[in-house]
Amino acid sequence: MSARVDVPDTSDARPEIDVAPPSGVGHASAKAILFGEHAVVFGEPAIAVPVRSLTASVRLHRTDGSARLDSALYHGPLHTAPLRLDVTTTALHAVLDHLGEPGAAVAMTIESTIPVERGLGSSAAVSAAIVHAALDAWRTTADDETIHELIQVSERRAHGSPSGLDARAVRATGPLWFQRGAVAGLEVATPLHLVIADSGVRGRTREAVQGVADRREADAATIDALIGALGGLSVAARDDLARGDLPRIGAGMSEAHRLLVELGVGDPALDHLARAAAGAGALGAKLTGGGRGGCVLALATDADHATAIAAHLRGAGASAVWTTTVEATT
Ligand code: PMV
């Protein structure tokens, strides 16, 4: 005879992570911009996709001792963390202020597989994970807009005047349409098999954004035409995605790369990888993110083709390569 055992409902149990309570965890993913980087800063639409295979995770616990940070870049007291972790400490202070606990001591561990300064949203993803982990540790939640604004505090530190696209995309579960701070989902009729290749050259988003602004000061007509054309590619891609027209999406990506180079945010290493992707039969390839370094995004016809392009790009000198799939929504 078997006795009935009452099993507690663990459906919303906290993740099993070995930290003493009160503790919290937070996660976010990388993102890639499919269309509209830079143009989005001037109010044009952009399309971004989450890259779920690259993640940032944060474990955080409140401590009676002194505040501490453990990450791949630094292990030690929070107050002596190097300047390059400024964005990280800014995110923590923003969420602690929001919680009404600006002086709280926390021990924070960051684990991230997202390469830094490669246009894949590393800073926004780490900030998002910190915000979620702190809210979790304080056993509270916040609405979507509040979380977005908290991430934006540190994104401003990283980029000056970020459009907000990264802060949205690293928390998204599917492709996003973004314009002037507002987001919407997108219809995707056919899965997108994407390859991301790292040029090994540090992306310089802040300088690239400033460079575009400077060029616009000097020649508004030329730069506005380029920005308008990039926004037009986002609009066209929205329809192409809904129809599953992969060749047109690819052609749009290659055209976007050309326009971004004209805008002054290209780099020879990115041109080389975009050409190599085309040589491997990619439907299109473009730089992604702030540019002047960072990664190239290429569109394959299917998963096997993505693997073949990835191998080709590695052979062509990419310092790292990833594949990711954007699933169809219908
Ligand atoms: O380089 P990333 O991943 O931070 O992307 C920046 C995207 C830009 O459009 C260039 C800037 C922005 O604020 O949207």
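As the structure lists them, so they are numbered: ligands from 1, and atoms in each ligand from 1. Side chains included, hydrogens not; waters and symmetry mates left out as well; all remaining heavy atoms used.
Listed by chain and number, the residues in a side chain to side chain donor-acceptor pair (under 3.5 Å) with Arg292 amount to none (sequence neighbours excluded). For the side chain to side chain donor-acceptor pair (under 3.5 Å) test, no residue two or more places apart in sequence or in another chain qualifies with Thr307.
The pair Glu327-Arg52 fails the salt-bridge criterion, with no side-chain N (NZ, NE, NH1 or NH2) lying under 4.0 Å from an Asp/Glu carboxylate O. For the pair Arg248 and Glu255, the salt-bridge criterion is not met [side-chain N within less than 4.0 Å of a carboxylate O].
Atoms CZ and CG, on Arg238 and Leu34 in that order, are 13.5 Å from each other to the nearest 0.5 Å.
For the salt bridge (charged side-chain N to carboxylate O under 4.0 Å, His left out) condition, the pairs that include at least one residue of residues 101-125, sequence neighbours left out, are Arg59-Glu111, Glu117-Arg202, Arg118-Asp198.
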Need the list: ligand 1 N/O atoms against protein N/O atoms, distance under 3.5 Å, rounded to one decimal.
{"unit_1": "ligand 1", "atom_1": "1 (O)", "unit_2": "Thr205", "atom_2": "OG1", "d": "2.6"}
{"unit_1": "ligand 1", "atom_1": "1 (O)", "unit_2": "Gly290", "atom_2": "N", "d": "2.8"}
{"unit_1": "ligand 1", "atom_1": "3 (O)", "unit_2": "Lys31", "atom_2": "NZ", "d": "2.4"}
{"unit_1": "ligand 1", "atom_1": "3 (O)", "unit_2": "Gly119", "atom_2": "O", "d": "3.1"}
{"unit_1": "ligand 1", "atom_1": "3 (O)", "unit_2": "Asp166", "atom_2": "OD2", "d": "3.3"}
{"unit_1": "ligand 1", "atom_1": "4 (O)", "unit_2": "His159", "atom_2": "NE2", "d": "3.1"}
{"unit_1": "ligand 1", "atom_1": "4 (O)", "unit_2": "Asp166", "atom_2": "OD2", "d": "2.9"}
{"unit_1": "ligand 1", "atom_1": "9 (O)", "unit_2": "His38", "atom_2": "N", "d": "3.0"}
{"unit_1": "ligand 1", "atom_1": "13 (O)", "unit_2": "Ser163", "atom_2": "N", "d": "2.8"}
{"unit_1": "ligand 1", "atom_1": "13 (O)", "unit_2": "Ser163", "atom_2": "OG", "d": "3.4"}
{"unit_1": "ligand 1", "atom_1": "14 (O)", "unit_2": "Ser163", "atom_2": "OG", "d": "2.5"}

